[in-house]
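Just so it is clear, the model here is predicted, and its values are computed rather than measured.
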Amino acid sequence: MKPVIIIQGPTAVGKSSLALSLAEKLNLDIISADSRQIYKYMDLGTAKPEADELARVKHHLIDIIRPDEKYNAGAFAQDASRLVDDTDLKFPIICGGTGFYISSFLEGLCVIPEIAVEVRNKVMSDYDKLGSILMYDKLSEIDPIVAKRISDNDKQRICRGLEVFFGTGKKLSDFWEEQGILTPRKVLNIVVVDDREDIYHRINTRYEIMVKNGLLDETRKLLEMGYKENDPGMTAVGYKELLENLLHKRPLSECINLAKQHSRNYAKRQLTWYRKCKLDLVFYRKSIKYKDIDYYIEKFINENN
RNA sequence: GGCGGGAUAGCUCAGUUGGUAGAGCAGAGGCCUGAAAAGCCUUGUGUCCCCAGUUCAAGUCUGGGUCUUGCCA
């Protein structure tokens, strides 16, 4: 199993440029772990690397699907594992803000067959008809282990628990049990953080720049291509708010403020997530010394070569 | 100038027949097993604009004032 360098951190903290400079210097590839950069045609708002950056360093798992296609943590774990284990990439850097994707890759996800759309739709429409409490009670009968771990108001997870049972005939908690233990990977897990207010400030100014660079046009173009408001990719922060302007005439300034706010909310959730992650190195943005990073990374590479 | 709305938590606003207040959002903390830029949980003492009056008791009624906003001139 190949060693992997991981760089994660909240949105707008500067992890991409860090990964880029490291990859360039050490001649490594980058695997993006970003649930929105996977989408084609969504460039500005997802802070995707620029064309020249993509040319300088080989990036993977960027622009792999259309905005109306679904993707998920399981697919990422699979795609990333394939790239790391079945190709001749050496010491890839996995860089991105989608913590769940990275943990799925590192720790694995239980193997659950695809749930038929009819089953999923039935569960969803039942939920809308019967309400959360009845559906939660139903889940409690079927799979108390899962039910106990979630709120009786958590539509996504209640429906997930039910659809797995109705779609496979097996309880979700049984799948959890069966989850095989992965051979642990050799990883150097790095997170970049910063003061809350500085992250928030950078988010705000970055979004202003995105809009100035034509994010509204990019969003409009997605609509012209035929993508719909609730297509998977279109729900991305920074886009969904502009769609409010384009489709529902909400004042632009209001939409811009909301987009910034939702990005800040997201950054906060990311920071909470990292607190419980097993990390090897935590770099504070303001005091990142590239010499230090080089030292740790070269040490890691030498130890694992 | 005339007539009418408003004035309550950082913001937008609820407050029923008078009993010293409560939602959403924000903020903060947390959760997270295929939607994860998603979803969910916890967390609300604030001169209820000011002054006077009625009342055992006023955000709630009466009078006066201040600010604000709409319509008519």
Participant: Rounded to the Å, how far apart are A/Glu244 CD and B/C25 P?
Facilitator: 15 Å
Participant: If you measure from the ring centre of A/Phe175 to the centre of the six-membered ring in the base of B/U33, is it under 5.5 Å, with the planes under 30° apart?
Facilitator: no
Participant: Picking from A/Lys289, A/Lys299, A/Lys25, what satisfies salt bridge (charged side-chain N to carboxylate O under 4.0 Å, His left out) with A/Asp294?
Facilitator: A/Lys25
Participant: I want to check one thing: is the phosphate of B/G34, taken as OP1 and OP2, less than 4.0 Å away from some side-chain N or O of A/Tyr71?
Facilitator: no
Participant: Between A/Arg269 (CZ) and B/C41 (C1'), how many Å, whole number?
Facilitator: 13 Å
Participant: Give one of base, sugar-phosphate or nothing for A/Met234, where a contact means two heavy atoms less than 4.0 Å apart.
Facilitator: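 No contact at all - A/Met234 keeps every heavy atom at 4.0 Å or more from the nucleic acid.
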Participant: Taking the P atom in each of B/U45 and B/G53, what is the distance between them to the nearest angstrom?
Facilitator: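 The answer is 30 Å between these two P atoms.
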Participant: Take atom P in B/U68 and the same atom in B/G27, then report the distance between them in whole Å.
Facilitator: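 That atom pair is separated by 31 Å.
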Participant: Send over the distance from A/Asn257 CG to B/U12 C1', rounded to a whole Å.
Facilitator: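 In whole Å, B/U12 C1' lies 14 Å from A/Asn257 CG.
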Participant: Choosing from B/G34, B/G39, B/G27, which nucleotide comes nearest the side chain of A/Arg264?
Facilitator: B/G27
Participant: Taking a pair as Watson-Crick or G-U wobble with both distances under 3.5 Å, which nucleotide is matched to B/G1?
Facilitator: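 Because both required distances fall under 3.5 Å, B/G1 counts as paired with B/C72.
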Participant: Looking at B/G34, B/A37, B/A36, which one has an atom nearest to any side-chain atom of A/Thr46?
Facilitator: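 Nearest to the side-chain atoms of A/Thr46, counting from C-beta on, is B/A37.
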Participant: Does A/Arg157 contact B/A38 through a side-chain donor or acceptor facing the base, at a distance under 3.5 Å?
Facilitator: yes
Participant: Starting at CD of A/Glu197 and ending at C1' of B/A28, how long is that distance when rounded to a whole Å?
Facilitator: 14 Å
Participant: Base, sugar-phosphate, or nothing: which does A/Val111 touch, judged by heavy atoms less than 4.0 Å apart?
Facilitator: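 Base contact.
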Participant: I want to verify a distance call: between B/G29, B/G39, B/A38, whose nearest atom is closest to the A/Arg196 side chain?
Facilitator: B/G29
Participant: With a non-hydrogen cut-off below 4.0 angstrom, is A/Lys276 in contact with a base, only sugar-phosphate, or nothing?
Facilitator: base
Participant: If you go through the side-chain atoms of A/Lys268, does one of them form a donor-acceptor pair with the base of B/G29 closer than 3.5 Å?
Facilitator: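 Answer yes: a donor N or O sits under 3.5 Å from an acceptor.
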Participant: Does A/Lys138 have more than 12 heavy atoms from other residues, nucleotides or ligands lying within 6.0 Å of its NZ?
Facilitator: no
Participant: Is the base of B/G44 syn or anti, if syn means a glycosidic angle within 90° of 0?
Facilitator: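 For B/G44, whose glycosidic angle is more than 90° from 0, the conformation is anti.
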Participant: Is any NZ, NE, NH1 or NH2 atom of the basic residue among A/Lys48 and A/Asp63 found under 4.0 Å from an Asp or Glu carboxylate oxygen of the other?
Facilitator: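 Result for this pair is yes, salt bridge flagged.
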Participant: In whole Å, what separates the P atom of B/U17 from that of B/A35?
Facilitator: 48 Å
Participant: Is the phosphate of B/U33 approached by A/Arg160 (side-chain N or O, under 4.0 Å from OP1 or OP2)?
Facilitator: no
Participant: Output the single nucleotide from B/A37, B/A38, B/G34 whose closest atom is nearest the side chain of A/Ala73.
Facilitator: B/G34
Participant: Quick one: label A/Gly45 by what it contacts on the DNA or RNA (base, sugar-phosphate, nothing), any heavy atom closer than 4.0 Å.
Facilitator: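 Base contact - A/Gly45 has a heavy atom under 4.0 Å of at least one base atom.
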Participant: What integer distance in Å separates A/Trp176:CH2 from B/C32:C1'?
Facilitator: 10 Å
Participant: Between A/Lys155 and A/Asp128, does at least one N-O distance fall below 4.0 Å, as a salt bridge requires?
Facilitator: yes
Participant: Go nucleotide by nucleotide along RNA chain B from the 5' end; which of A/Thr272 and A/His262 gets its closest nucleotide reached first?
Facilitator: A/His262
Participant: If you look at every strand shown and take non-hydrogen atoms under 4.0 Å, does A/Gln270 touch a base, only sugar-phosphate, or nothing?
Facilitator: nothing
Participant: Rounded off to whole Å, could you give me the CG-to-C1' distance for the A/Asp154 and B/U33 pair?
Facilitator: 13 Å
Participant: Write down the partner of B/C40 under the Watson-Crick or G-U wobble criteria, each distance required to be under 3.5 Å.
Facilitator: B/G30
Participant: When the C1' atoms of B/A9 and B/G44 are compared, how many Å lie between them, rounded to an integer?
Facilitator: 7 Å
Participant: Distance between the P atoms of B/C41 and B/C32, in whole angstroms?
Facilitator: 15 Å
Participant: Roughly, in whole Å, what's the span from CG in A/Leu243 to P in B/A37?
Facilitator: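 For the pair A/Leu243 CG and B/A37 P, the rounded distance is 18 Å.
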Participant: Would you call the rings of A/Tyr101 and A/Phe76 parallel, tilted or perpendicular, taking 30° and 60° as the class edges?
Facilitator: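 Ring orientation, 0 to 90° scale: parallel.
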Participant: Considering only atom C1', compute the distance from B/A21 to B/G46 and round it to an integer number of Å.
Facilitator: 9 Å
Participant: Both distances under 3.5 Å, Watson-Crick or G-U wobble: report the partner of B/G18, or none.
Facilitator: none
Participant: Considering every strand shown, what is the Watson-Crick or G-U wobble mate of B/C49 when both distances are under 3.5 Å?
Facilitator: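 Because both required distances fall under 3.5 Å, B/C49 counts as paired with B/G65.
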Participant: Do A/Lys2 and A/Phe91 meet the cation-pi criteria used here (NZ or CZ under 6.0 Å from the six-membered ring centre, within 45° of the axis)?
Facilitator: no
Participant: Using the P atom in both, what is the distance from B/G10 to B/A52, to the nearest Å?
Facilitator: 25 Å
Participant: Any idea which of B/A36, B/U33, B/C41 is nearest the A/Ser151 side chain?
Facilitator: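 Closest nucleotide among those given: B/C41.
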Participant: Checking all strands, does A/Phe76 fall into the base, sugar-phosphate, or nothing category for heavy-atom contacts under 4.0 angstrom?
Facilitator: nothing
Participant: I'd like to check the salt bridge (charged side-chain N to carboxylate O under 4.0 Å, His left out) partners of A/Glu208; sequence neighbours left out, ordered by chain and number.
Facilitator: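 Only A/Lys260 meet the salt bridge (charged side-chain N to carboxylate O under 4.0 Å, His left out) criterion with A/Glu208.
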Participant: Can you measure A/Tyr101 atom OH to B/A36 atom P for me and round it to whole angstrom units?
Facilitator: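 In whole Å, B/A36 P lies 4 Å from A/Tyr101 OH.
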Participant: With heavy atoms under 4.0 Å as the rule, sort A/Thr11 into base, sugar-phosphate or nothing.
Facilitator: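 If one applies the 4.0 Å heavy-atom cut-off, A/Thr11 turns out to touch nothing in the nucleic acid.
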Participant: Is A/Arg36 close enough to B/A36 that one of its side-chain N or O atoms is under 4.0 Å from OP1 or OP2 there?
Facilitator: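 Yes, such a contact exists.
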Participant: Given B/A36, is OP1 or OP2 found less than 4.0 Å from the side-chain N or O atoms of A/Asn72?
Facilitator: no
Participant: Between A/Glu69 and A/Arg66, does any side-chain N to carboxylate O distance fall below 4.0 Å?
Facilitator: yes
Participant: Is it true that A/Lys228 and A/Asp68 have a side-chain N and a carboxylate O under 4.0 angstrom from each other?
Facilitator: no
Participant: Remember a base hit wins even if backbone is also touched, and classify A/Asn265 as base, sugar-phosphate or nothing at under 4.0 Å, heavy atoms.
Facilitator: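 Counting heavy atoms under 4.0 Å across all strands, the contact made by A/Asn265 is with sugar-phosphate only.
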Participant: Taking any heavy-atom pair under 4.0 Å as a contact, classify A/Ser35: base, sugar-phosphate, or nothing.
Facilitator: base
Participant: Mind checking the P distance from B/A57 to B/U66? Whole angstroms is fine.
Facilitator: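 It works out to 29 Å between them.
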Participant: Could you check whether A/Tyr200 gets within reach of a base, just the sugar-phosphate, or nothing at all, counting any heavy atom under 4.0 Å?
Facilitator: sugar-phosphate
